[in-house]
Structures are given as C-alpha cells and as structure tokens.
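Okay, structure first, notes after.
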Amino acid sequence: MELAAGGFSGEQFREACAELQQPAVAGADWQLLVETSGISIYRLLDQKTGLYEYKVFGVLEDCSPTLLADVYMDLDYRKQWDQYVKELYEQECNGQTVVYWEVKYPFPMSNRDYVYLRQRRDLDVEGRKIHVVLAQSTSVPQLVERSGVIRVKQYKQSLAIESDGKKGSKVFMYYFDNPGGQIPSWLINWAAKGGNCNGSLYH
C-alpha cells in the first residue's frame, strides 16, 4: 500500500490494530518460523526479491505498553545501545518528519542507510488503548544518496501494542527490509532466522 498524502492512512493504522485481535496468517503462505517464550514469528516469501516478510506476535511480560512505545520511538536511546548505528536523526522535510539512519556493515560490505517516514498514534478501539507505529521508506530531495553507502529503498514496518491485562504488553509487528547491494538473499534470511540482523527488527 502506498503512503497516503501527508503520511499513513487511517486504514493502515486500523489494519495493524486488527492483527492484535486476529493474526492474519491463516489461509496464506505464512510459515511459522519460531515459537518460544510466548512469541511466535511467521515469515512469507516475497517472490520478487527472494526475501521474507515477517510477522511477530506475542506478550512481553513486565513491560507496559506506554513504556514500550516510548522506548521504541526514542532515537537518542537507540544510539546508546545499538553499536551498529553510525547516524540516526529526525529531520523536517516538506512538512513531514522523516528519519535518517545509517547502519554500519562489516568490511568489505558497504554501509546501508534508510530514509523513512514514521508515525505513532495512540488509539481507542472499542475501549482498548492501542499504540500503533507505522514506518515506510520514502524519498526526499533534502537527503540524497551518499557515495559508498547503499540506500535501502524497500523498508516497511508496523507495530501495535496494548496491555495484556496484567503488567505486560501484547504485541504485533510486521517487518520487511530489502538491503540491496550484493548481499545474497539467503544470507540475509539466515541472519534474520538466527536473530543476528543488526537489531533491524527494532527500527
């Protein structure tokens, strides 16, 4: 789905909320990849790229929805714990706030960078308070591609969080990322399966 004028549409936020209530993995080619500690990870092969889309469902105990959403949005905090961040900041472009992020890759691979729109809404859905964050790659003239850095042009993520009824959070996340360049798709998918994807699931 393309970005709506001015950002994301209400329908896109509602779709993320709906997945919290009823995961949309039945009847498709989604495969259960991992199920552990209350977290289920599904994947779906993207035929065009040979890469996988991912959906994550589960409960994070002892972490409130508001705290989880706040930490997720905090770019300064991310720079403290993520050793792969080279640059990460927000910038106003054409009346919208976009995120620029450069990721360190090991030699001899080139670094990757992202330019993406990110929006958060705290919604009331039939009495349920749901925090939703949507992100998708975009292009703005103020942030041109840099020499020696590969621009990731296919990135999309959605996150929905609500209370689990106790002290924790019920969470849904969708993620797709095509880092491009000469990295074989099998290597990217292997890293994602092993949980060694440079923390990219936590943009």
Side-chain angles (χ1 to χ4, degrees), residues 1-4 7-8 12 16 29-31 33-34 39 41-56 71-120 133-159 171-203:
M1 182 179 292
E2 297 297 325
L3 289 175
F8 299 94
Q12 287 172 290
D29 293 324
W30 288 94
Q31 302 173 339
L33 183 64
V34 176
I39 302 293
I41 302 176
Y42 292 81
R43 69 179 184 179
L44 175 67
L45 181 64
D46 181 88
Q47 299 292 342
K48 294 181 180 179
T49 63
L51 300 171
Y52 285 96
E53 303 171 65
Y54 293 91
K55 287 185 178 181
V56 181
V71 169
Y72 184 85
M73 294 293 291
D74 192 338
L75 299 184
D76 288 334
Y77 180 59
R78 167 128 196 182
K79 288 185 283 189
Q80 295 179 31
W81 62 263
D82 188 346
Q83 63 179 320
Y84 297 101
V85 171
K86 183 173 182 180
E87 283 190 71
L88 180 60
Y89 59 85
E90 290 183 324
Q91 180 171 323
E92 292 294 322
C93 298
N94 308 326
Q96 296 180 328
T97 301
V98 299
V99 178
Y100 177 82
W101 184 36
E102 182 177 345
V103 183
K104 300 175 186 175
Y105 270 61
F107 180 83
M109 293 185 291
S110 299
N111 285 358
R112 266 63 176 173
D113 68 0
Y114 298 73
V115 176
Y116 60 95
L117 186 66
R118 182 180 69 162
Q119 293 181 359
R120 171 182 171 178
V133 182
L134 302 180
Q136 186 170 327
S137 54
T138 189
S139 177
V140 294
Q142 295 91 335
L143 295 169
V144 298
E145 296 185 34
R146 301 178 177 184
S147 176
V149 179
I150 295 176
R151 176 66 48 89
V152 176
K153 298 178 180 179
Q154 292 178 281
Y155 158 65
K156 185 165 58 173
Q157 185 170 18
S158 57
L159 174 70
V171 177
F172 158 72
M173 178 184 286
Y174 166 86
Y175 187 89
F176 178 75
D177 183 339
N178 182 0
Q182 299 302 311
I183 303 177
S185 60
W186 66 264
L187 178 59
I188 299 166
N189 292 323
W190 174 84
K193 182 177 180 179
N196 299 313
C197 50
N198 295 357
S200 60
L201 288 181
Y202 304 97
H203 267 37

(Q) Nearest 0.5 Å, please: how far is CD in Q136 from CD in Q12? (A) 6.5 Å
Q.
Is any side-chain heavy atom of R151 closer than 4.5 Å to one of D113?
A. yes
Q) Mind checking whether V56 and I39 have side chains closer than 4.5 Å, heavy atoms only? A) yes
Q.
Using side-chain heavy atoms (C-beta onward) and a distance below 4.5 Å, is V152 in contact with Y116?
A. no
Q: Would you check if there is a donor-acceptor pair between the side chains of Q142 and N94 at a distance under 3.5 Å?
A: yes
Q. For L117 and F8, what are the C-alpha separation, side-chain angles and deciding distance, and is it a side chain to side chain contact (heavy atoms under 4.5 Å, CB included)?
A. CA-CA 9 Å; L117 186 66; F8 299 94; 4.0 Å; yes
Q.
Working to the nearest 0.5 angstrom, can you tell me the gap between F172 CZ and K55 NZ?
A. 5.5 Å
Q) Are D29 and L45 close enough that some pair of their side-chain heavy atoms sits under 4.5 Å apart? A) no
Q: List in chain and number order the residues that pass side chain to side chain contact (heavy atoms under 4.5 Å, CB included) with Q154, two or more places apart in sequence or in another chain; answer none if no residue qualifies.
A: T49, F176, N178
Q: Please confirm whether the backbone N or O of L88 pairs with a side-chain atom of K79, one donor and one acceptor, at under 3.5 Å?
A: yes
(Q) To the closest 0.5 Å, what do you measure between CG (L143) and CD (Q91)? (A) 4.5 Å
Q | K153 NZ: over 12 foreign heavy atoms closer than 6.0 Å | A | no
**Q.** Distance, nearest 0.5 Å, that separates CZ of R120 from OH of Y72
**A.** 11.5 Å
(Q) Any donor-acceptor pair under 3.5 Å linking the side-chain atoms of E87 with those of Y89? (A) no
Q: If the plane angle is over 60° it's perpendicular, under 30° parallel, otherwise tilted; pick one for Y54 and Y52.
A: tilted
(Q) According to salt bridge (Lys or Arg N to Asp or Glu O under 4.0 Å), does anything in residues 88-101 pair up with another residue at least two apart or in another chain? List the pairs. (A) E90-R118
Q: Write down the atom of S110, the atom of G148, and the distance for their closest heavy-atom approach.
A: CB-O, 3.6 Å
Q | Reported OG1-to-OH distance for the pair T138 and Y155, which is rounded to 0.5 angstrom | A | 12.5 Å
Q.
How long is the straight-line distance from OH of Y105 back to CG of N111, given to the nearest 0.5 Å?
A. 9.0 Å
Q | Minimal non-hydrogen separation, P179 against I150, with atom names | A | O-CG2, 3.8 Å
Q | Partner of W101 under side chain to side chain contact (heavy atoms under 4.5 Å, CB included), chosen from R112, K86, R78 | A | R78
